[in-house]
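No experiment lies behind these values; they were computed from the predicted model shown. Along the sequence shown, residues are numbered consecutively beginning with 1.
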Amino acid sequence: MRILAIESSCDETAIAVIREQDGEIFVEKNLLATQIEIHKLYGGVVPEVAAREHVSAIFPMLMESGIDQYGNGIDAIAVTAGPGLVPALRIGVELAKTLAWIWKKPLVAVNHLEGHIYSVWHHAIQTQKEPMFPAVCLLVSGGHTELLLMRDHGDYQLLGMTRDDAAGEAFDKVANLLNLGYPGGPIISKTALDGDPNAIAFPRPMHGSGDLDFSFSGLKTAVRVHLDANPSDRANTANVCASFQQAVVDSLVDKTLTAVSVHHPRSVILSGGVSANQALRSTLQSKLEKQFSEITFHAPDLSLTGDNAVMIGLAGLYRAKKKQFVDPLTLVADPNMRLAL
Ligand code: KG4
Ligand code: ZN
């Protein structure tokens, strides 16, 4: 089965062609146009600007995908239908609907968060070590921080989520406080390498709260209060970055381990843009190995942690196999699309 996958939910335009054959996955095309340089000017993503950039990028990208104008060789089209920024989502969704209608191909509406989760399947299929169900999923991106129980393909239960900022958003906001630029995650984690994670005792929000929720806005405020009291740390940011990162990692790992001890999964899946964070990956993996050695741990290839269309194609593939198609005449982009209630 060959899938054309389209992603435009935020600030990356992406088109991929993936093929499944004899249980193997082949990524035939993986095209990505990032808008980071443009949104840097504003310190964050501006939806209207994102939409305009998607419009400019998406059609040349479709040409570059190598698919002919009749869609020959394509078995289904998968598109991110939500969650995300409406003006941005609509560019990919309207293109996918039009192609599905003209080419008479089945259309799959993919949840962007499910796409992030399926990013781990790329490596897992290649190595024949697929996650086993039930799996606890820690999904950490710029817009979402959720703990989910994945009972089977496409079957999710929400265990907990952030009550305010997402983990990636916290990295971005703290980087902004420190004038380090956007996006914050990569630069904070790089700066943190030269710092002491125990130098500043930032709070571990929601620790011992008795549920599986997160909160990061208080941590951001704690960084601001620290900087006001210690202005020299504005220029000397390594210890602030390392201590802030450690607080985020501790919060995420603490709640994930609690979810594991309550729900007894066979696998743990880490995904989303923040899963590129080396401290998070290694801390979660080593604690799981120590405390739950029988559970398998899965994180995406570093090339698939951020937004991309390969992950949308992978999630779309599983839905296409179950014939979970949508009507191209009625599909609408849903900014609040949920994976589970
Ligand atoms: O999943 P993603 O590419 O887009 C959304 O769906 O939101 O995630 C982007 C987020 C940004 O907030 C970025 O700062 C964060 O992922 N991020 C990181 C790292 N790389 C990207 N956060 C922490 N450490 C990193 N190395
Ligand atoms: Zn994302």
Are [X] and [Y] packed together at the side-chain level, in the sense that at least one heavy-atom pair is separated by less than 4.5 angstrom?
X: F325; Y: I77; answer: no
X: V268; Y: L138; answer: no
X: L139; Y: T145; answer: no
X: M311; Y: D307; answer: yes
X: E28; Y: S65; answer: no
X: V174; Y: L180; answer: no
X: V260; Y: P265; answer: yes
X: H122; Y: V27; answer: yes

Residue pair I295, V136: steps toward the side-chain contact (heavy atoms from CB on, under 4.5 Å) verdict: CA-CA 10 Å; I295 291 178; V136 160; over 6 Å; no

Within a reach of under 6.0 Å around [atom1] of [X], are more than 12 heavy atoms found that belong to other residues, nucleotides or ligands?
X: R90; atom1: CZ; answer: no
X: Q128; atom1: CD; answer: no
X: K321; atom1: NZ; answer: yes
X: F59; atom1: CZ; answer: no
X: K105; atom1: NZ; answer: yes
X: K104; atom1: NZ; answer: no

Taking all atoms of both residues into account, what is the closest heavy-atom pair of [X] and [Y], and its distance?
X: A51; Y: P87; answer: CB-O, 3.4 Å
X: M150; Y: C137; answer: CB-SG, 3.8 Å
X: H153; Y: K322; answer: O-NZ, 2.8 Å
X: L89; Y: A333; answer: CB-CB, 3.7 Å

With a cut-off of under 6.0 Å to the ring centre and 45° to the axis, is R19 in cation-pi contact with F26? yes

Under 6.0 Å between ring centres, would you say that holds for F171 and F244? yes

Ring centroids only, cut at 6.0 angstrom: are H226 and F202 within range, meaning strictly under it? yes

Count I, L, V, M, F, W, Y as connected when their side-chain heavy atoms are under 4.5 Å apart, and connections chain through other members. Are [X] and [Y] then in the same cluster?
X: L219; Y: L227; result: yes
X: L95; Y: I102; result: yes
X: L32; Y: I6; result: no
X: I18; Y: V108; result: no
X: F292; Y: L270; result: yes

Any salt bridge between [X] and [Y], counting N to O under 4.0 Å?
X: K29; Y: E64; result: no
X: R163; Y: D211; result: yes
X: R204; Y: D250; result: yes
X: E294; Y: R266; result: no
X: K287; Y: D254; result: no
X: D165; Y: K220; result: yes

NE2/H263 to CG/L148 distance, rounded to the nearest 0.5 angstrom? 10.5 Å

Distance, nearest 0.5 Å, that separates CZ of F216 from CE of M206: 9.5 Å

Can you check side chain to side chain donor-acceptor pair (under 3.5 Å) on S9 and E7, steps first, answer last? CA-CA 6 Å; S9 65; E7 154 69 39; 2.6 Å; yes

Quick one: sort the H112 and H116 rings into parallel, tilted or perpendicular, breaks at 30° and 60°. perpendicular

Once you measure the plane-to-plane angle for Y318 and Y118, does it fall in the parallel (<30°), tilted (30-60°) or perpendicular (>60°) bin? tilted

Using the side-chain contact (heavy atoms from CB on, under 4.5 Å) definition, which of the options D334, L113, N336 pairs with P83? L113

